[in-house]
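Here's the structure, in structure tokens; my notes come after.
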Amino acid sequence: MLDLKLIREQPTQVQELLNRRDSEGYDIQPILDLDRQQREIETKRSKLSAKGNEIGKTVGQKIRTGSDPKGAEIAALKEEGNNIKAQLAELEPQEKELKAHIENLLLQLPNLPNESTPIGKDETENVEIRRWGDEYISQDKKVLPHWEIGEQLGILEFKRAVKIAQSRFVNLVGAGAALERALINFMLDKQIEAGYTEIMPPVLVNTQSLTATGQLPKFAEESFKCDEDDLWLTPTAEVPLTNLYRGEILEASQLPIHHCAYTPCFRREAGSYGKDTRGLIRLHQFNKVELVKLVHPDNSEAEHQALVQNAEAILQALKLPYRVIELCTGDLGFGAAKCYDLEVWLPTSNTYREISSCSNFHDFQARRGDIRFKEAGKKGTKYLHTLNGSGLAIGRTMAAILENYQLPNGTVEIPEVLQPYIKREVL
RNA sequence: GGAGAGAUGGCCGAGUGGUCGAAGGCGCAGCACUGGAAAUGCUGUAACGGGGUAACUCGUUCGAGGGUUCGAAUCCCUCUCUCUCCGCCA
């Protein structure tokens with residue numbers, strides 16, 4: 001959520017930054033108008049309230065010092081008090097409604113892109129920052145797509161998963177399941193070593209949690225909902241991890257907080273019909289190790305760079321070729337101010353595919369989730385900055401391994417760092 | 001699912017109609033003591049919104065929403081959540 005005060009005080013700059021995302025998608029004018037109305041009413045209302053409080057106090061004093069509670073003097077004051085109450089009864093609902101309306105509009109506005117975020121209209125204008133691991137790109141043209149090799153090896157089973165659930169689900173079988181577990185453990189171990197504290201959170205989350213991280217209210221159709229209970233299947237561990245501290249005021253000395261978590265993730269993938277229909281790339285349920293940071297605003301840029309490196313370290317350890325791109329303003333996620341994607345090389349599609357997305361949200365989520373900190377000795381509180389990144393998406397990592405580590409004889413080599421986990425060298 | 005208890009400041013916790021934005025403690029900050037520190041003593045310390053360059057000032061907030069009253073943390077109603085016991089169960 002954007003700071004209403006910032007919108008009020010620097011409307012031109014705010015509008016300009018929003019236009020960088022989409023030149024006509026967002027208009028802050030209605031918010032400015034409502035805000036002005038709201039403040040006018042607030043001024044009126046609080047003056048009236050002050051008068052009413054004054055009368056209340058006077059009545060109390062008079063009665064205590066001997067006035068007749070049923071006398072004319074008290075009756076007159078009560079009359080005036082009732083009068084004010086009647087006026088307030090008109091103003092208060094108006095103010096409340098305006099506030100709710102403003103809040104509602106604010107919740108629909110995306111974050112402002114960082115000044116440094118490259119300007120562009122869509123993913124074609126994202127900027128490649130660096131590549132790693134070209135030397136590991138195989139020149140072999142006969143590589144099979146990962147779903148074919150997975151089915152051949154009997155480790156991926158799509159048809160029966162469809163029977164159990166529906167399309168876009170998979171069964172991992174035997175060594176496939178073992179490889180998935182190995183990847184989860186390897187990634188967690190690596191991130192714990194890098195200083196993240198592991199959490200195993202609930203994967204059902206409530207509406208408030210999804211609102212804080214920005215999936216709601218705008219993207220309700222993207223998540224699975226349990227209607228009876230105000231619970232949703234989490235689309236990413238970003239949600240439970242970021243919400244760990246929702247509504248709390250932390251001490252500055254507690255920051256930074258670094259958490260990692262493995263969870264299954266659930267996405268409806270509404271509107272992606274026909275895209276990536278085969279394989280592990282786009283499933284309704286997938287596993288992911290997620291990294292989340294809550295940091296002091298002064299450090300968020302450095303923390304962001306470090307986060308990207310923590311994610312990259314996994315790909316490097318697995319010797320999977322990848323590139324880092326920075327998303328342009330037109331491709332930036334709703335809550336992100338700045339975002340780097342890691343894209344892993346998939347030889348059969350002859351392209352790089354997203355395997356991690358590392359975003360800095362600045363105070364956007366913290367404001368929605370009311371996550372603040374206070375500095376010892378200083379008055380007041382501040383919103384902290386939140387960041388998150390995949391470290392990494394497990395299914396896509398599995399796909400990348402199956403394709404990049406294929407041997408001519410149809411088997412797949414296990415990356416060296418995983419061998420201790422899975423206790424074999426070849427699939 | 002049945003019965004009961006509870007939700008108060010950064011944290012813990014007292015408070016059953018006006019003197020309550022709220023005792024006390026912890027934490028934090030300042031000062032004193034000390035070579036320095038610990039301990040101790042004194043003092044200060046809620047958030048949010050509006051107005052003001054500022055000092056400051058007004059309002060709102062004691063889980064949420066309604067109600068009674070001139071006046072509600074306190075009384076009434078509804079809801080949410082938490083805890084305890086019983087039942088069921090991985």
Side-chain angles (χ1 to χ4, degrees), chain A residues 1-9 31-103 105-106 200 202-212 226-232 240 243-255 257 294 296 363 366-384:
Chain A
M1 189 154 66
L2 298 185
D3 183 3
L4 180 58
K5 228 184 245 173
L6 181 74
I7 296 178
R8 185 190 299 150
E9 284 164 8
I31 294 177
L32 290 168
D33 293 341
L34 290 166
D35 176 53
R36 195 172 19 76
Q37 287 176 44
Q38 190 277 121
R39 279 183 299 146
E40 267 168 33
I41 290 182
E42 176 165 352
T43 304
K44 250 192 245 173
R45 194 222 72 226
S46 77
K47 273 185 192 151
L48 260 178
S49 283
K51 216 193 267 175
N53 290 343
E54 194 56 44
I55 289 168
K57 246 178 229 168
T58 311
V59 172
Q61 265 164 21
K62 297 241 179 211
I63 292 176
R64 239 174 302 125
T65 55
S67 290
D68 175 9
K70 302 233 162 93
E73 192 188 21
I74 300 294
L77 284 169
K78 286 190 178 185
E79 170 68 25
E80 201 185 340
N82 275 326
N83 213 328
I84 287 172
K85 200 157 58 158
Q87 295 180 58
L88 283 175
E90 290 201 14
L91 287 179
E92 274 171 355
Q94 286 177 36
E95 189 185 353
K96 235 183 210 177
E97 202 192 311
L98 283 166
K99 276 193 167 159
H101 196 168
I102 292 167
E103 168 94 2
L105 292 177
L106 283 175
M200 203 172 269
V203 297
L204 295 190
V205 297
N206 58 34
T207 297
Q208 245 191 310
S209 294
L210 279 170
T211 305
C226 312
D227 257 317
E228 315 260 296
D229 293 298
D230 183 34
L231 287 171
W232 308 66
N243 276 280
L244 280 172
Y245 304 96
R246 171 155 51 77
E248 296 191 24
I249 300 176
L250 305 169
E251 299 288 340
S253 60
Q254 289 175 263
L255 304 177
I257 293 171
L294 291 91
H296 192 289
D363 61 4
R367 182 169 277 111
R368 289 173 156 244
D370 195 24
I371 315 173
R372 291 171 286 166
F373 70 97
K374 62 189 301 175
E375 289 179 284
K378 286 193 193 167
K379 247 185 112 61
T381 61
K382 280 188 196 162
Y383 292 109
L384 47 72

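All chains are named by letter (A, B, ...) in the order of the sequence lines, taking the proteins before the strands, and each is independently numbered beginning at 1.
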If U84(B) has a Watson-Crick or G-U wobble mate with both distances under 3.5 Å, name it; if not, just say none.
-> A3(B)
Distance check: side-chain N/O of K44(A) vs OP1/OP2 of G59(B), anything under 4.0 Å?
-> no
Tell which nucleotide pairs with U69(B), taking only Watson-Crick or G-U wobble pairs whose two distances are both under 3.5 angstrom.
-> none
Is there a side-chain contact between E375(A) and K382(A), using heavy atoms and a 4.5 Å cut-off?
-> yes
Once you apply the 3.5 Å cut-off to both distances, tell me the Watson-Crick or G-U wobble partner of U74(B), or none.
-> none
Do L294(A) and L244(A) have side chains that get closer than 4.5 Å, going by heavy atoms?
-> no
Could you verify whether a donor N or O on one side chain and an acceptor N or O on the other, from H101(A) and Q38(A), lie under 3.5 Å apart?
-> no
Complement of C20(B), any strand, by Watson-Crick or G-U distances under 3.5 angstrom | none
Please give the nucleotide sitting opposite U34(B) as a Watson-Crick or G-U wobble pair, both distances under 3.5 Å, or none.
-> none
From the options G50(B), G18(B), G10(B), select the nucleotide whose nearest atom is closest to the side chain of V59(A).
-> G18(B)
By nearest-heavy-atom nucleotide on RNA chain B, the more 5' of D229(A) and G52(A) is G52(A)
Whole-angstrom distance between U80(B) and G87(B), as gauged at atom C1' = 24 Å
Of all the nucleotides listed (G59(B), G50(B), C70(B)), which has the minimum atom distance to the side chain of K85(A)?
-> C70(B)
For C48(B), what is the paired nucleotide under Watson-Crick or G-U wobble rules, both distances under 3.5 Å?
-> G59(B)
So which one's nearest nucleotide on RNA chain B is more toward 5', K47(A) or R8(A)?
-> R8(A)
Would you mind checking if E95(A) and K99(A) are paired as a salt bridge, meaning a charged N to carboxylate O distance below 4.0 Å?
-> yes
Sticking with atom P, work out how far C83(B) lies from A32(B), rounded to a whole angstrom.
-> 48 Å
Do the side-chain N or O atoms of T381(A) get closer than 4.0 angstrom to the phosphate oxygens (OP1, OP2) of C48(B)?
-> yes
Spacing of the P atoms in G2(B) and G65(B) (rounded, Å) | 28 Å
Measure the CD1-CG distance between I102(A) and D35(A) for me, rounded to the nearest 0.5 Å.
-> 5.0 Å
What distance, rounded to whole Å, do you find between the two P atoms, one in G6(B) and one in A14(B)?
-> 11 Å
